[in-house]
Every structure is written in C-alpha cells, then in structure tokens.
Amino acid sequence: MPRRPVQYWLMKCEPDVFSYEHLERAPKKTTMWDGVRNYRARNFMRDQMAVGDGVLYYHSNADPPGVAGIAEVASEPYPDPTQFDPKDSHFDPKSSPEEPRWWLVDVRAVQKLERFVSLAELKEHPELSEMGVCQRGNRLSVQPVEAAEWRVVRRLGGLSG
DNA sequence: GCCAACGTTGGC
DNA sequence: GCCAACGTTGGC
C-alpha cells in the first residue's frame, strides 16, 4: 500500500494561549490540538491528515500575527477528549464516546523559523495570495497549504528546502 | 477597542 | 428550510 504524499497545513493558535515556544518546551515537543469546534477544521484533521504531514504554526491574534515555526502531524486522528469533560470549556453535551463529534491530531514542534514571517510579509508575495490566511475574513483555524506555498514560507523563514 | 466576516442557533 | 439575531474570530 503506497503511502500518500506528504501534505501541508497551517494551524492557528494564539501565542498568549500556546505559542510555538510553548510547543518546543512541551513533553516530546508535542501537544494535542484540542478545542477545535469548527466542522471544516475538524474534517481536515479527521479525514485528511496523516502522521508526518507538515504544519506551519501560525500565531493568530498576535502583534504581529504570522508563522512562527514548523511542526508536524504526530498522531493519527482521534477523538478530542475535552468534548467529554463537563468541566472543560470545550465540553460538548451532544457528543458521546460512542459517537464522538470532535477529532484532533497531535502536533509536534520540528524547527523554529530563523525569522518570524508576519502576515503582512506573506501578503507581499503574489505566489502566496491563495493561502487562506492571506484572504480577508478567513477565520478557519486549520487550513491546507500547497507544497509550493510551503516552500516559499520556509524560505522566507530562513530555512532551506 | 472597533468591526467585518463568518458560523451557529432558534423561532417560525 | 429560511433567516434574523447573536457570538466568535482575528486583523487592524
């Protein structure tokens, strides 16, 4: 069974909540990407992500917003445990372990960018204009990224390849 | 702090 | 199934 090619993603997180530096210091440099409660974002994680996929770790609601580091998908999709916890702010009473509504993957830090690449800088590059994050009003917290876009962002961030 | 864009909810 | 109201996101 041939493995599908690596795919690329952009995942948003508020750095005040969990920055790229937080991820680097986490056990195994890995965290559960919990709390996503948007169906499109969930579908990307549940249906399309595979271990080893590349992730642009994006700082949203930040000054400035932008891509801080490279991460990777570090688990198969599995149900988000916070949906079952009545004490958790992401509790979903309509979900059940038998029929979980919300899914996530683990994300592992790979390499911090040599240079932070701000949203303003992303927008300066016409070859990145199709990226969701460059489009006005796009609030999706998990987005697919084209391989060509991935390479451009890496290069802007001072990484080779 | 403002507000545009979007997603969700709930009345009908 | 429509759509107005409301809540959230997130850049500015």
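Quick caveat, the model's predicted, so the values are computed rather than measured. Computation of the quantities below employed the complete heavy-atom set of this structure, encompassing side-chain atoms and omitting hydrogens, waters and symmetry-equivalent molecules. Lettering follows sequence order; numbering is per chain, from 1.
Nucleotides of DNA chain B nearest to Lys94(A) and Arg136(A) differ in position, and the one nearer the 5' end is that of Arg136(A).
The nearest whole Å value for the distance from the NE2 atom in His59(A) to the P atom in dC12(C) is 17 Å.
Checked by atom type, the side-chain pair Trp33(A)/Asp106(A) shows no donor-acceptor distance below 3.5 Å. Under the 3.5 Å distance criterion, with hydrogens and angles disregarded, no donor-acceptor pair is assigned to the side chains of Trp103(A) and Asp80(A).
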Q: Check the pair Arg154(A), Glu114(A) against salt bridge (Lys or Arg N to Asp or Glu O under 4.0 Å), reporting the backbone distance first and the verdict last.
A: CA-CA 9 Å; Arg154(A) 277 185 62 98; Glu114(A) 298 292 327; over 6 Å; no
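Applying the side chain to side chain donor-acceptor pair (under 3.5 Å) test to pairs two or more places apart or on separate chains, those with a residue in residues 22-32 of chain A are Ser19(A)-His22(A).
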Q) Where along nucleotides 1-9 of chain C does protein come under 4.0 Å, by heavy atom, of base (B) or sugar-phosphate alone (S), with - for untouched nucleotides? A) ------BBB
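In this structure, Cys13(A) and Tyr58(A) have side chains that are not in contact, with every pair of non-hydrogen atoms separated by 4.5 Å or more.
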